[in-house]
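Just so it is clear: chains get the letters A, B, ... in the order the sequence lines come, proteins before strands, and each one is counted from 1.
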There are 2 protein chains.
Amino acid sequence: MGNMKKYHHGNLEEALLTAGLQEAKARGPRNLGVNFLAKAVKVSPTAVYRHFLSGESLRASISQQAREELARQMLKAIATQTDVKNRFRAVGRAYINFALNEPGLFAVAFVACEEGPQREDSPSAWMVLQDSILDICNAKLIEASEVQQVASFAWATVHGFATLAGGSDPRRPKTNEKTISDLLDRTWSGIIQLGSKNSAKDKLGAN
Amino acid sequence: MGNMKKYHHGNLEEALLTAGLQEAKARGPRNLGVNFLAKAVKVSPTAVYRHFLSGESLRASISQQAREELARQMLKAIATQTDVKNRFRAVGRAYINFALNEPGLFAVAFVACEEGPQREDSPSAWMVLQDSILDICNAKLIEASEVQQVASFAWATVHGFATLAGGSDPRRPKTNEKTISDLLDRTWSGIIQLGSKNSAKDKLGAN
DNA sequence: CCCTAATGTTTACAGCATACACATAATGAG
DNA sequence: CTCATTATGTGTATGCTGTAAACATTAGGG
């Protein structure tokens, strides 16, 4: 008796996002299509368009959610760390761990990030990373003028490693603790750059 | 009269790859489908299957070509450099320049690298990069035991930056000369890690 | 209470990858 | 040279996608 199927779903939008995230977690971006997700929620394909402009924008929303999940895990990882250096390491490690533990989600988070303006109130991995760099600056380990450059460097390294390690390349780097720790050590070296202001004029031959 | 259209194309395979590369260069991965490329070469869609197992494998071949082009440009950039440090910088800069100057090709080169075993004889960006790291090792600036770690680090940084800078993220890093030069400086710092325990004999004076 | 807006379904169509049957051209053996 | 074989192309058909348009059902406010 109770099993009367309601004509209206109730809150389809959230259901679609949830189903999308679950699928992303399980199998990556492959099946995040309108038809598949509609079926997963037991709804007609065209119903999707009452909540999203297009299949692409649905995917963009799922991707956004995945990015927020990453940011949340980074925030959690940073919470217990007080030392600037350890905070940065925690950020980097959380980022990389996310890519390794949730390869599907990570892939979805960073495929074709062509979406519109992200809401600024939502947690963003980039912001968390940048904050940890600002901390380093506040601790006088780098100068304010360097912050942007350092952030780009750190972001590139961590994101690059996560991408390569999480991917399916035959030449993908090792992913053991030692390798990751070493990577973060080297990144830290690049951040602090003993050559910059301590060692005065770089003895460049730079090009 | 000479305009008699031949029933057989002559060498369709190469034509498809060329058309694919051209399209990739112009508009990225968007239109690299069987129908589109078949039309571009003025051939029936199903003709493609005489030369490729599937549309996916066609795309994989195009992607491979793009990667080879990248490797070639890296090799060219390295050719004039003799100093180990400058060689490494040239490699990194070529990689990044490729991403910036040919965003379409770069995107195609690294989307869904799920392809089968790459031919070992073809030039590979990874190999070029690794060779430049080996050079650093031969110059006694790092130890043999570090090579893999260093290669992973350098690869991650350069690839990560190229990916981020080449993408369409709103938060994408600046791409001016200074930023790139700074990035390579910091990467170099991470490579020769003065802070490490074995701190290496200061070859710094040599520069 | 009914009218309207929100939400879901059905139907329809274009574009895609691809299988299958058929057409044509190139090649090599007698 | 002739002719069969093989390589390479075309045409047609199918099932899957994304999405538009018209219709159905329900929720909520005058």
Review point. What class does the angle between the rings of F110(B) and W155(B) fall in, given that below 30° is parallel, 30 to 60° is tilted and above 60° is perpendicular?
Key: perpendicular
Study note, to complete from the structure: Rounded to the nearest 0.5 Å, the CG atom of D182(A) sits from the CD atom of E177(A) at a distance of 12.0 Å
Check your understanding: Which residues within residues 18-35 of chain A lie with some heavy atom under 4.0 Å of an atom in DNA chain D?
Key -> G33(A), V34(A), N35(A)
Value in whole Å for how far the [atom2] atom of [N] lies from [atom1] of [X]:
X	N	atom1	atom2	answer
E56(B)	dC16(C)	CD	C1'	14 Å
K6(B)	dA26(C)	NZ	P	8 Å
K39(B)	dA17(C)	NZ	P	12 Å
E13(A)	dG8(C)	CD	P	10 Å
H9(B)	dA26(C)	NE2	C1'	16 Å
L37(A)	dT17(D)	CG	P	11 Å
Y49(B)	dC20(C)	OH	P	13 Å
F36(A)	dG15(D)	CZ	P	21 Å

Review point. Do L37(A) and I62(A) come close enough that some side-chain heavy atom pair is under 4.5 Å?
Key: yes
Under 3.5 Å, is there a donor-acceptor pair between the [X] and [Y] side chains?
X	Y	result
R186(A)	T187(B)	no
Q65(A)	E69(A)	no
S63(A)	R59(A)	no
T179(A)	N176(A)	yes

**Study point:** dA6(C) phosphate, OP1 or OP2, under 4.0 Å from H51(A) side-chain N/O
**Key:** no
Review point. Under 4.0 Å between a side-chain N or O of R59(B) and OP1 or OP2 of dC16(C)?
Key: no
Practice item. Using a 4.0 Å heavy-atom cut-off across all strands, classify V43(B) as base, sugar-phosphate, or nothing. Key: sugar-phosphate
Practice item. Would you kindly compare P45(B) and N11(A) by the position of their nearest DNA chain C nucleotide and give the one closer to the 5′ end? Key: N11(A)
Review point. Under 6.0 Å between the ring centres of H159(B) and F161(A)?
Key: no
Please list every donor-acceptor pair under 3.5 Å in which a side-chain atom of residues 97-106 of chain B meets a protein atom from a residue at least two apart or in another chain.
| unit_1 | atom_1 | unit_2 | atom_2 | d |
| --- | --- | --- | --- | --- |
| N97(B) | ND2 | R93(B) | O | 3.3 |
| N101(B) | ND2 | N97(B) | O | 3.2 |

Collect all protein-nucleotide pairs involving nucleotides 21-24 of chain C in which both atoms are nitrogen or oxygen and the distance is under 3.5 Å.
| unit_1 | atom_1 | unit_2 | atom_2 | d |
| --- | --- | --- | --- | --- |
| dA23(C) | N3 | Y7(B) | OH | 3.2 |

